[in-house]
Amino acid sequence: MSSSVFMNEKRVTERSHLKRTALAVAVSSVLSGMAYAEESAITFDTIMVESEELEPDANPYAEPDAPYKANRMSDIKYTRDIADTPKTITVLTKDSIEESGKTDLETILSAQPGITLGTGEGGNSFGDRYIIRGYEARSDVYTDGLREPGLITRETFALEQVEISKGPSSTFGGRGTTGGAVNSVTKKASYNDDFTNLSGTLGTDNKQRYTLDTNKVVSDELAVRFNALYSEADIPNRAPAGTQREGFLVSGTYEPTLDVQITADYYYFRADDREDVGDAINRNTGEITERDYLGQKGLDFKKTAADVATVTVDAYLTDALRLQNKTRYGVTKNDYIVSNHHSRFANEHRTFTGWQENEYIGNQTNLLWDGDLFGKRHSIVTGIEYANEDVTAGSYNVNTTNSYTLTPTNTDNNLWQGSYSRSAASRTLTLETVSAFLTDTVTLNEEWEVSGGARYDHFDYDLFVPAYTSRGQSYPDTRYQFSDGFWNGQLGVVYSPWEHGNLYASWSTSSNINGGESDAGTNCGYGGVCVDSSGQYANADPEQSTNYEIGTKWQLMDHQLLLTAALFQVTKDHVIEGASNSYQTTGSLNTGKNRVQGLELGLAGNVTERLSGQVGVAVMSSETLKSYDAANVGKPKANFAENSLYAQTKYQFTDHFALGGAVTYSSEIYGGQPDAGTSEDSNIKLPSYTVYDVFAAYQVSDNFDLQANIQNVTDEKYYTAVYRGGDIMYIGDGRSASVTANYQF
């Protein structure tokens, strides 16, 4: 069994002081007596090796000589290395992300096996919407171990790695997490050395991107780091659709002693994009109509903003006891007006509008004890967590002739003009959560290790919808309030009779509340609050999900290559189903049940000394087992690809030159709303696709290197997501090329 994360992180903290103490250690070893000469030499050699191998901006979680392979998770609740954790985990390291040429989290995750995208529309906001193993995960997004609510655009310029855990994970993450969770790990200030990385990218489609990553060791106790971004580009072959992003992350680390570390950071981000959803599927015939970008000139936009501050206190109270406290305050905003062609009527067009502001505060305290108990090694993590999320949302008033149609002013280039104004708030939501959890990993002997844990979450939900009129009918002020709580658990066993491999089995659960998707408001079919047929709120039971998984993990090539394989089954029960019209508040409570089964394979690291890569394959099937509508039983899940693959490899031809590439494959995807099931005879269907990318890197000097990327080499026309009615389709990027220059000093 590997050493615990507790001990690993303790050594990382100690290593941050190696440069400050190397000379003292060397002198003391020389002056040591002959009786201690051998011990001093060993200590001196170990320190020198670690100091020399540690790069100034190295990812502390990755294998040093295999940059595509991560050794461990950043969250201390995972007390074992990834190879010894009984769960499917995919980690995208900084090197694999940078070399791929992909720069936003939505594009990166949509290429990963077992993950698809969902669209925005009237039932949920436009923004990054992930679906993991067929289950909604748009609210299951974390940064540095804390939930980060708000449907916004997310960038990668300040990330160390991206961690994707598969299967129900409420013991670790709280509500939701049915298909899994995504945790982004940010770059932290480092004591290793001063450094500055400057990067500039120029490419086709008016692409320009500039980043800065600079670290300063202020003193023996204080270090600061600053990451900054500015980028803009047209969507390949779809201009004037495009993106514009800017942001920065400033962080500081203060270590008054070797046993106490305080980190603080502030994240600022702004995105001003023009969404391209011009193509449409005719729901009657299944024919895809390709159209130019429609957007309204000077009007269409998708703007997101984030201001997030986090403080973490990490203290080693004893050699075996560690206390960690994280506090976060954040504000995110999401505003959009998106125009698209109507799927059935060639001369009609629609607009989708919305704005949402999310203010949240979170605090998490973890206590980790790693030591012997009753003759066995235990790694016990216990803690409490508090979160409060306030959401205010509304729509935009746009100059439309009716709620679905725009009048063209320039038919030659399909651009539209008009004015807009922000409407008053259509709803306000307060969601308060208090949680407590306990997990333990026990090493029984050299071959067997077991783990288990439980978590309790309690929610207070308060949604207010002011009076409004819709389709000629007036509705009064309405308030939906309830409190709820539930337990979740996980069990795992790892059997390791071999030096480099193991077998494992695990069981885990997750739960979600009625109205658990905060962006959906009262749109029952998209995760908003559901009421009964009389229009009165009724306390629905939480939705319950259970995962069974068996698998194997192997550390090969001197632990520089990790090979994984897993069979899994996720069953979701007590599903809260929406009515036939998903925009309605009424629904059918706890009447549904569905299941996803599959096989997932993974490989990450160095295949040989010169060939490295990351490969993932997912083969899955889904089925609706119960429904209020008997016609749904037997149908597969919507927004679900049964087969998917992503492979990224790089070959180092010389010490200076490397060539690599990536392939992304997805089988066909049927449109529909979450958990409702869809028919394989449906005309709302996206075709399968295969996309190829290539890249090359050349090390000009010790401080300067160049990287060239070509995305979608064959210029494949493909789609990554579709709205249930076919009006909205997310179009994959066409062929593009770019060159990036990196300079470090």
Side-chain angles (χ1 to χ4, degrees), residues 2 5 8-9 12 54-78 80-83 85 87-113 115 128 130 132 137 140-148 154-166 169 172-173 180-190 192 197 199 211 213 215 225 227 229 249 251 253 263 265 267 310 312 326 559-562 564 602-606 612-616 646 648 650 662:
S2 68
V5 171
N8 281 341
E9 291 202 349
V12 168
L54 198 62
E55 295 294 330
D57 61 343
N59 179 354
Y61 311 106
E63 183 74 33
D65 296 323
Y68 279 18
K69 175 179 179 288
N71 284 327
R72 57 193 177 91
M73 303 281 275
S74 61
D75 191 339
I76 69 170
K77 292 193 289 293
Y78 289 91
R80 295 294 182 267
D81 289 348
I82 294 171
T85 299
K87 188 179 185 65
T88 298
I89 296 172
T90 301
V91 177
L92 310 176
T93 65
K94 179 179 64 175
D95 289 75
S96 66
I97 292 172
E98 291 177 350
E99 291 174 357
S100 75
K102 297 177 173 65
T103 58
D104 62 83
L105 201 57
E106 183 180 64
T107 303
I108 292 169
L109 291 179
S110 67
Q112 297 303 309
I115 300 180
D128 290 4
Y130 315 121
I132 303 177
D140 304 325
V141 179
Y142 300 76
T143 299
D144 293 327
L146 286 174
R147 189 185 295 267
E148 188 177 83
R154 293 178 170 88
E155 251 278 0
T156 62
F157 72 97
L159 297 187
E160 201 73 75
Q161 64 185 29
V162 176
E163 303 167 343
I164 309 166
S165 59
K166 301 289 184 67
S169 306
F172 294 97
V182 177
N183 182 48
S184 297
V185 184
T186 61
K187 297 175 180 178
K188 306 295 191 301
S190 170
N192 294 333
N197 294 324
S199 178
T211 63
D213 182 2
N215 186 85
R225 189 168 183 175
N227 284 266
L229 162 77
L249 174 71
S251 66
T253 301
T263 63
D265 61 63
Y267 178 69
T310 308
T312 302
K326 302 177 182 180
H559 283 219
Q560 292 191 357
L561 181 67
L562 178 62
T564 64
L603 180 150
N606 291 352
S612 56
Q614 186 164 36
V615 180
Y646 181 75
Q648 179 177 328
K650 180 181 71 172

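Since the structure is predicted, the reported quantities are computational estimates derived from the model, not experimental observations.
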Flag, side chain of [X] to backbone of [Y], donor-acceptor distance under 3.5 Å:
{"X": "Asn183", "Y": "Asp144", "value": "yes"}
{"X": "Asp81", "Y": "Ala83", "value": "no"}
{"X": "Asp65", "Y": "Gln560", "value": "no"}
{"X": "Lys69", "Y": "His559", "value": "yes"}
{"X": "Lys87", "Y": "Lys166", "value": "yes"}

**Study point:** Criterion side chain to side chain donor-acceptor pair (under 3.5 Å) on Glu163 and Ser74, from CA distance to verdict
**Key:** CA-CA 9 Å; Glu163 303 167 343; Ser74 61; 3.2 Å; yes
Check your understanding: Side chains of Lys188 and Ser190: donor-acceptor distance under 3.5 Å anywhere?
Key ->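 Checked: Lys188/Ser190 side chains show no N/O donor-acceptor pair below 3.5 Å.
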**Study point:** Between Gln648 and Ser100, a side-chain donor and acceptor under 3.5 Å
**Key:**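 Result is no, nothing qualifies.
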Point to revise | Cationic N near anionic O, under 4.0 Å, Lys187 to Asp213 | key: yes
**Study point:** Between CG on residue Asn59 and CD on residue Gln161, distance to nearest 0.5 Å
**Key:** 5.0 Å
**Study point:** Spacing of Arg154 atom CZ and Thr103 atom OG1 [to the nearest 0.5 Å]
**Key:** 15.0 Å
Review point. Does a side-chain heavy-atom distance below 4.5 Å link Tyr130 with Leu105?
Key: yes
Practice item. Would you mind listing every salt bridge (Lys or Arg N to Asp or Glu O under 4.0 Å) that reaches into residues 98-107, with sequence neighbours excluded? Key: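 Qualifying pairs: Glu99-Lys650, Lys102-Asp693.
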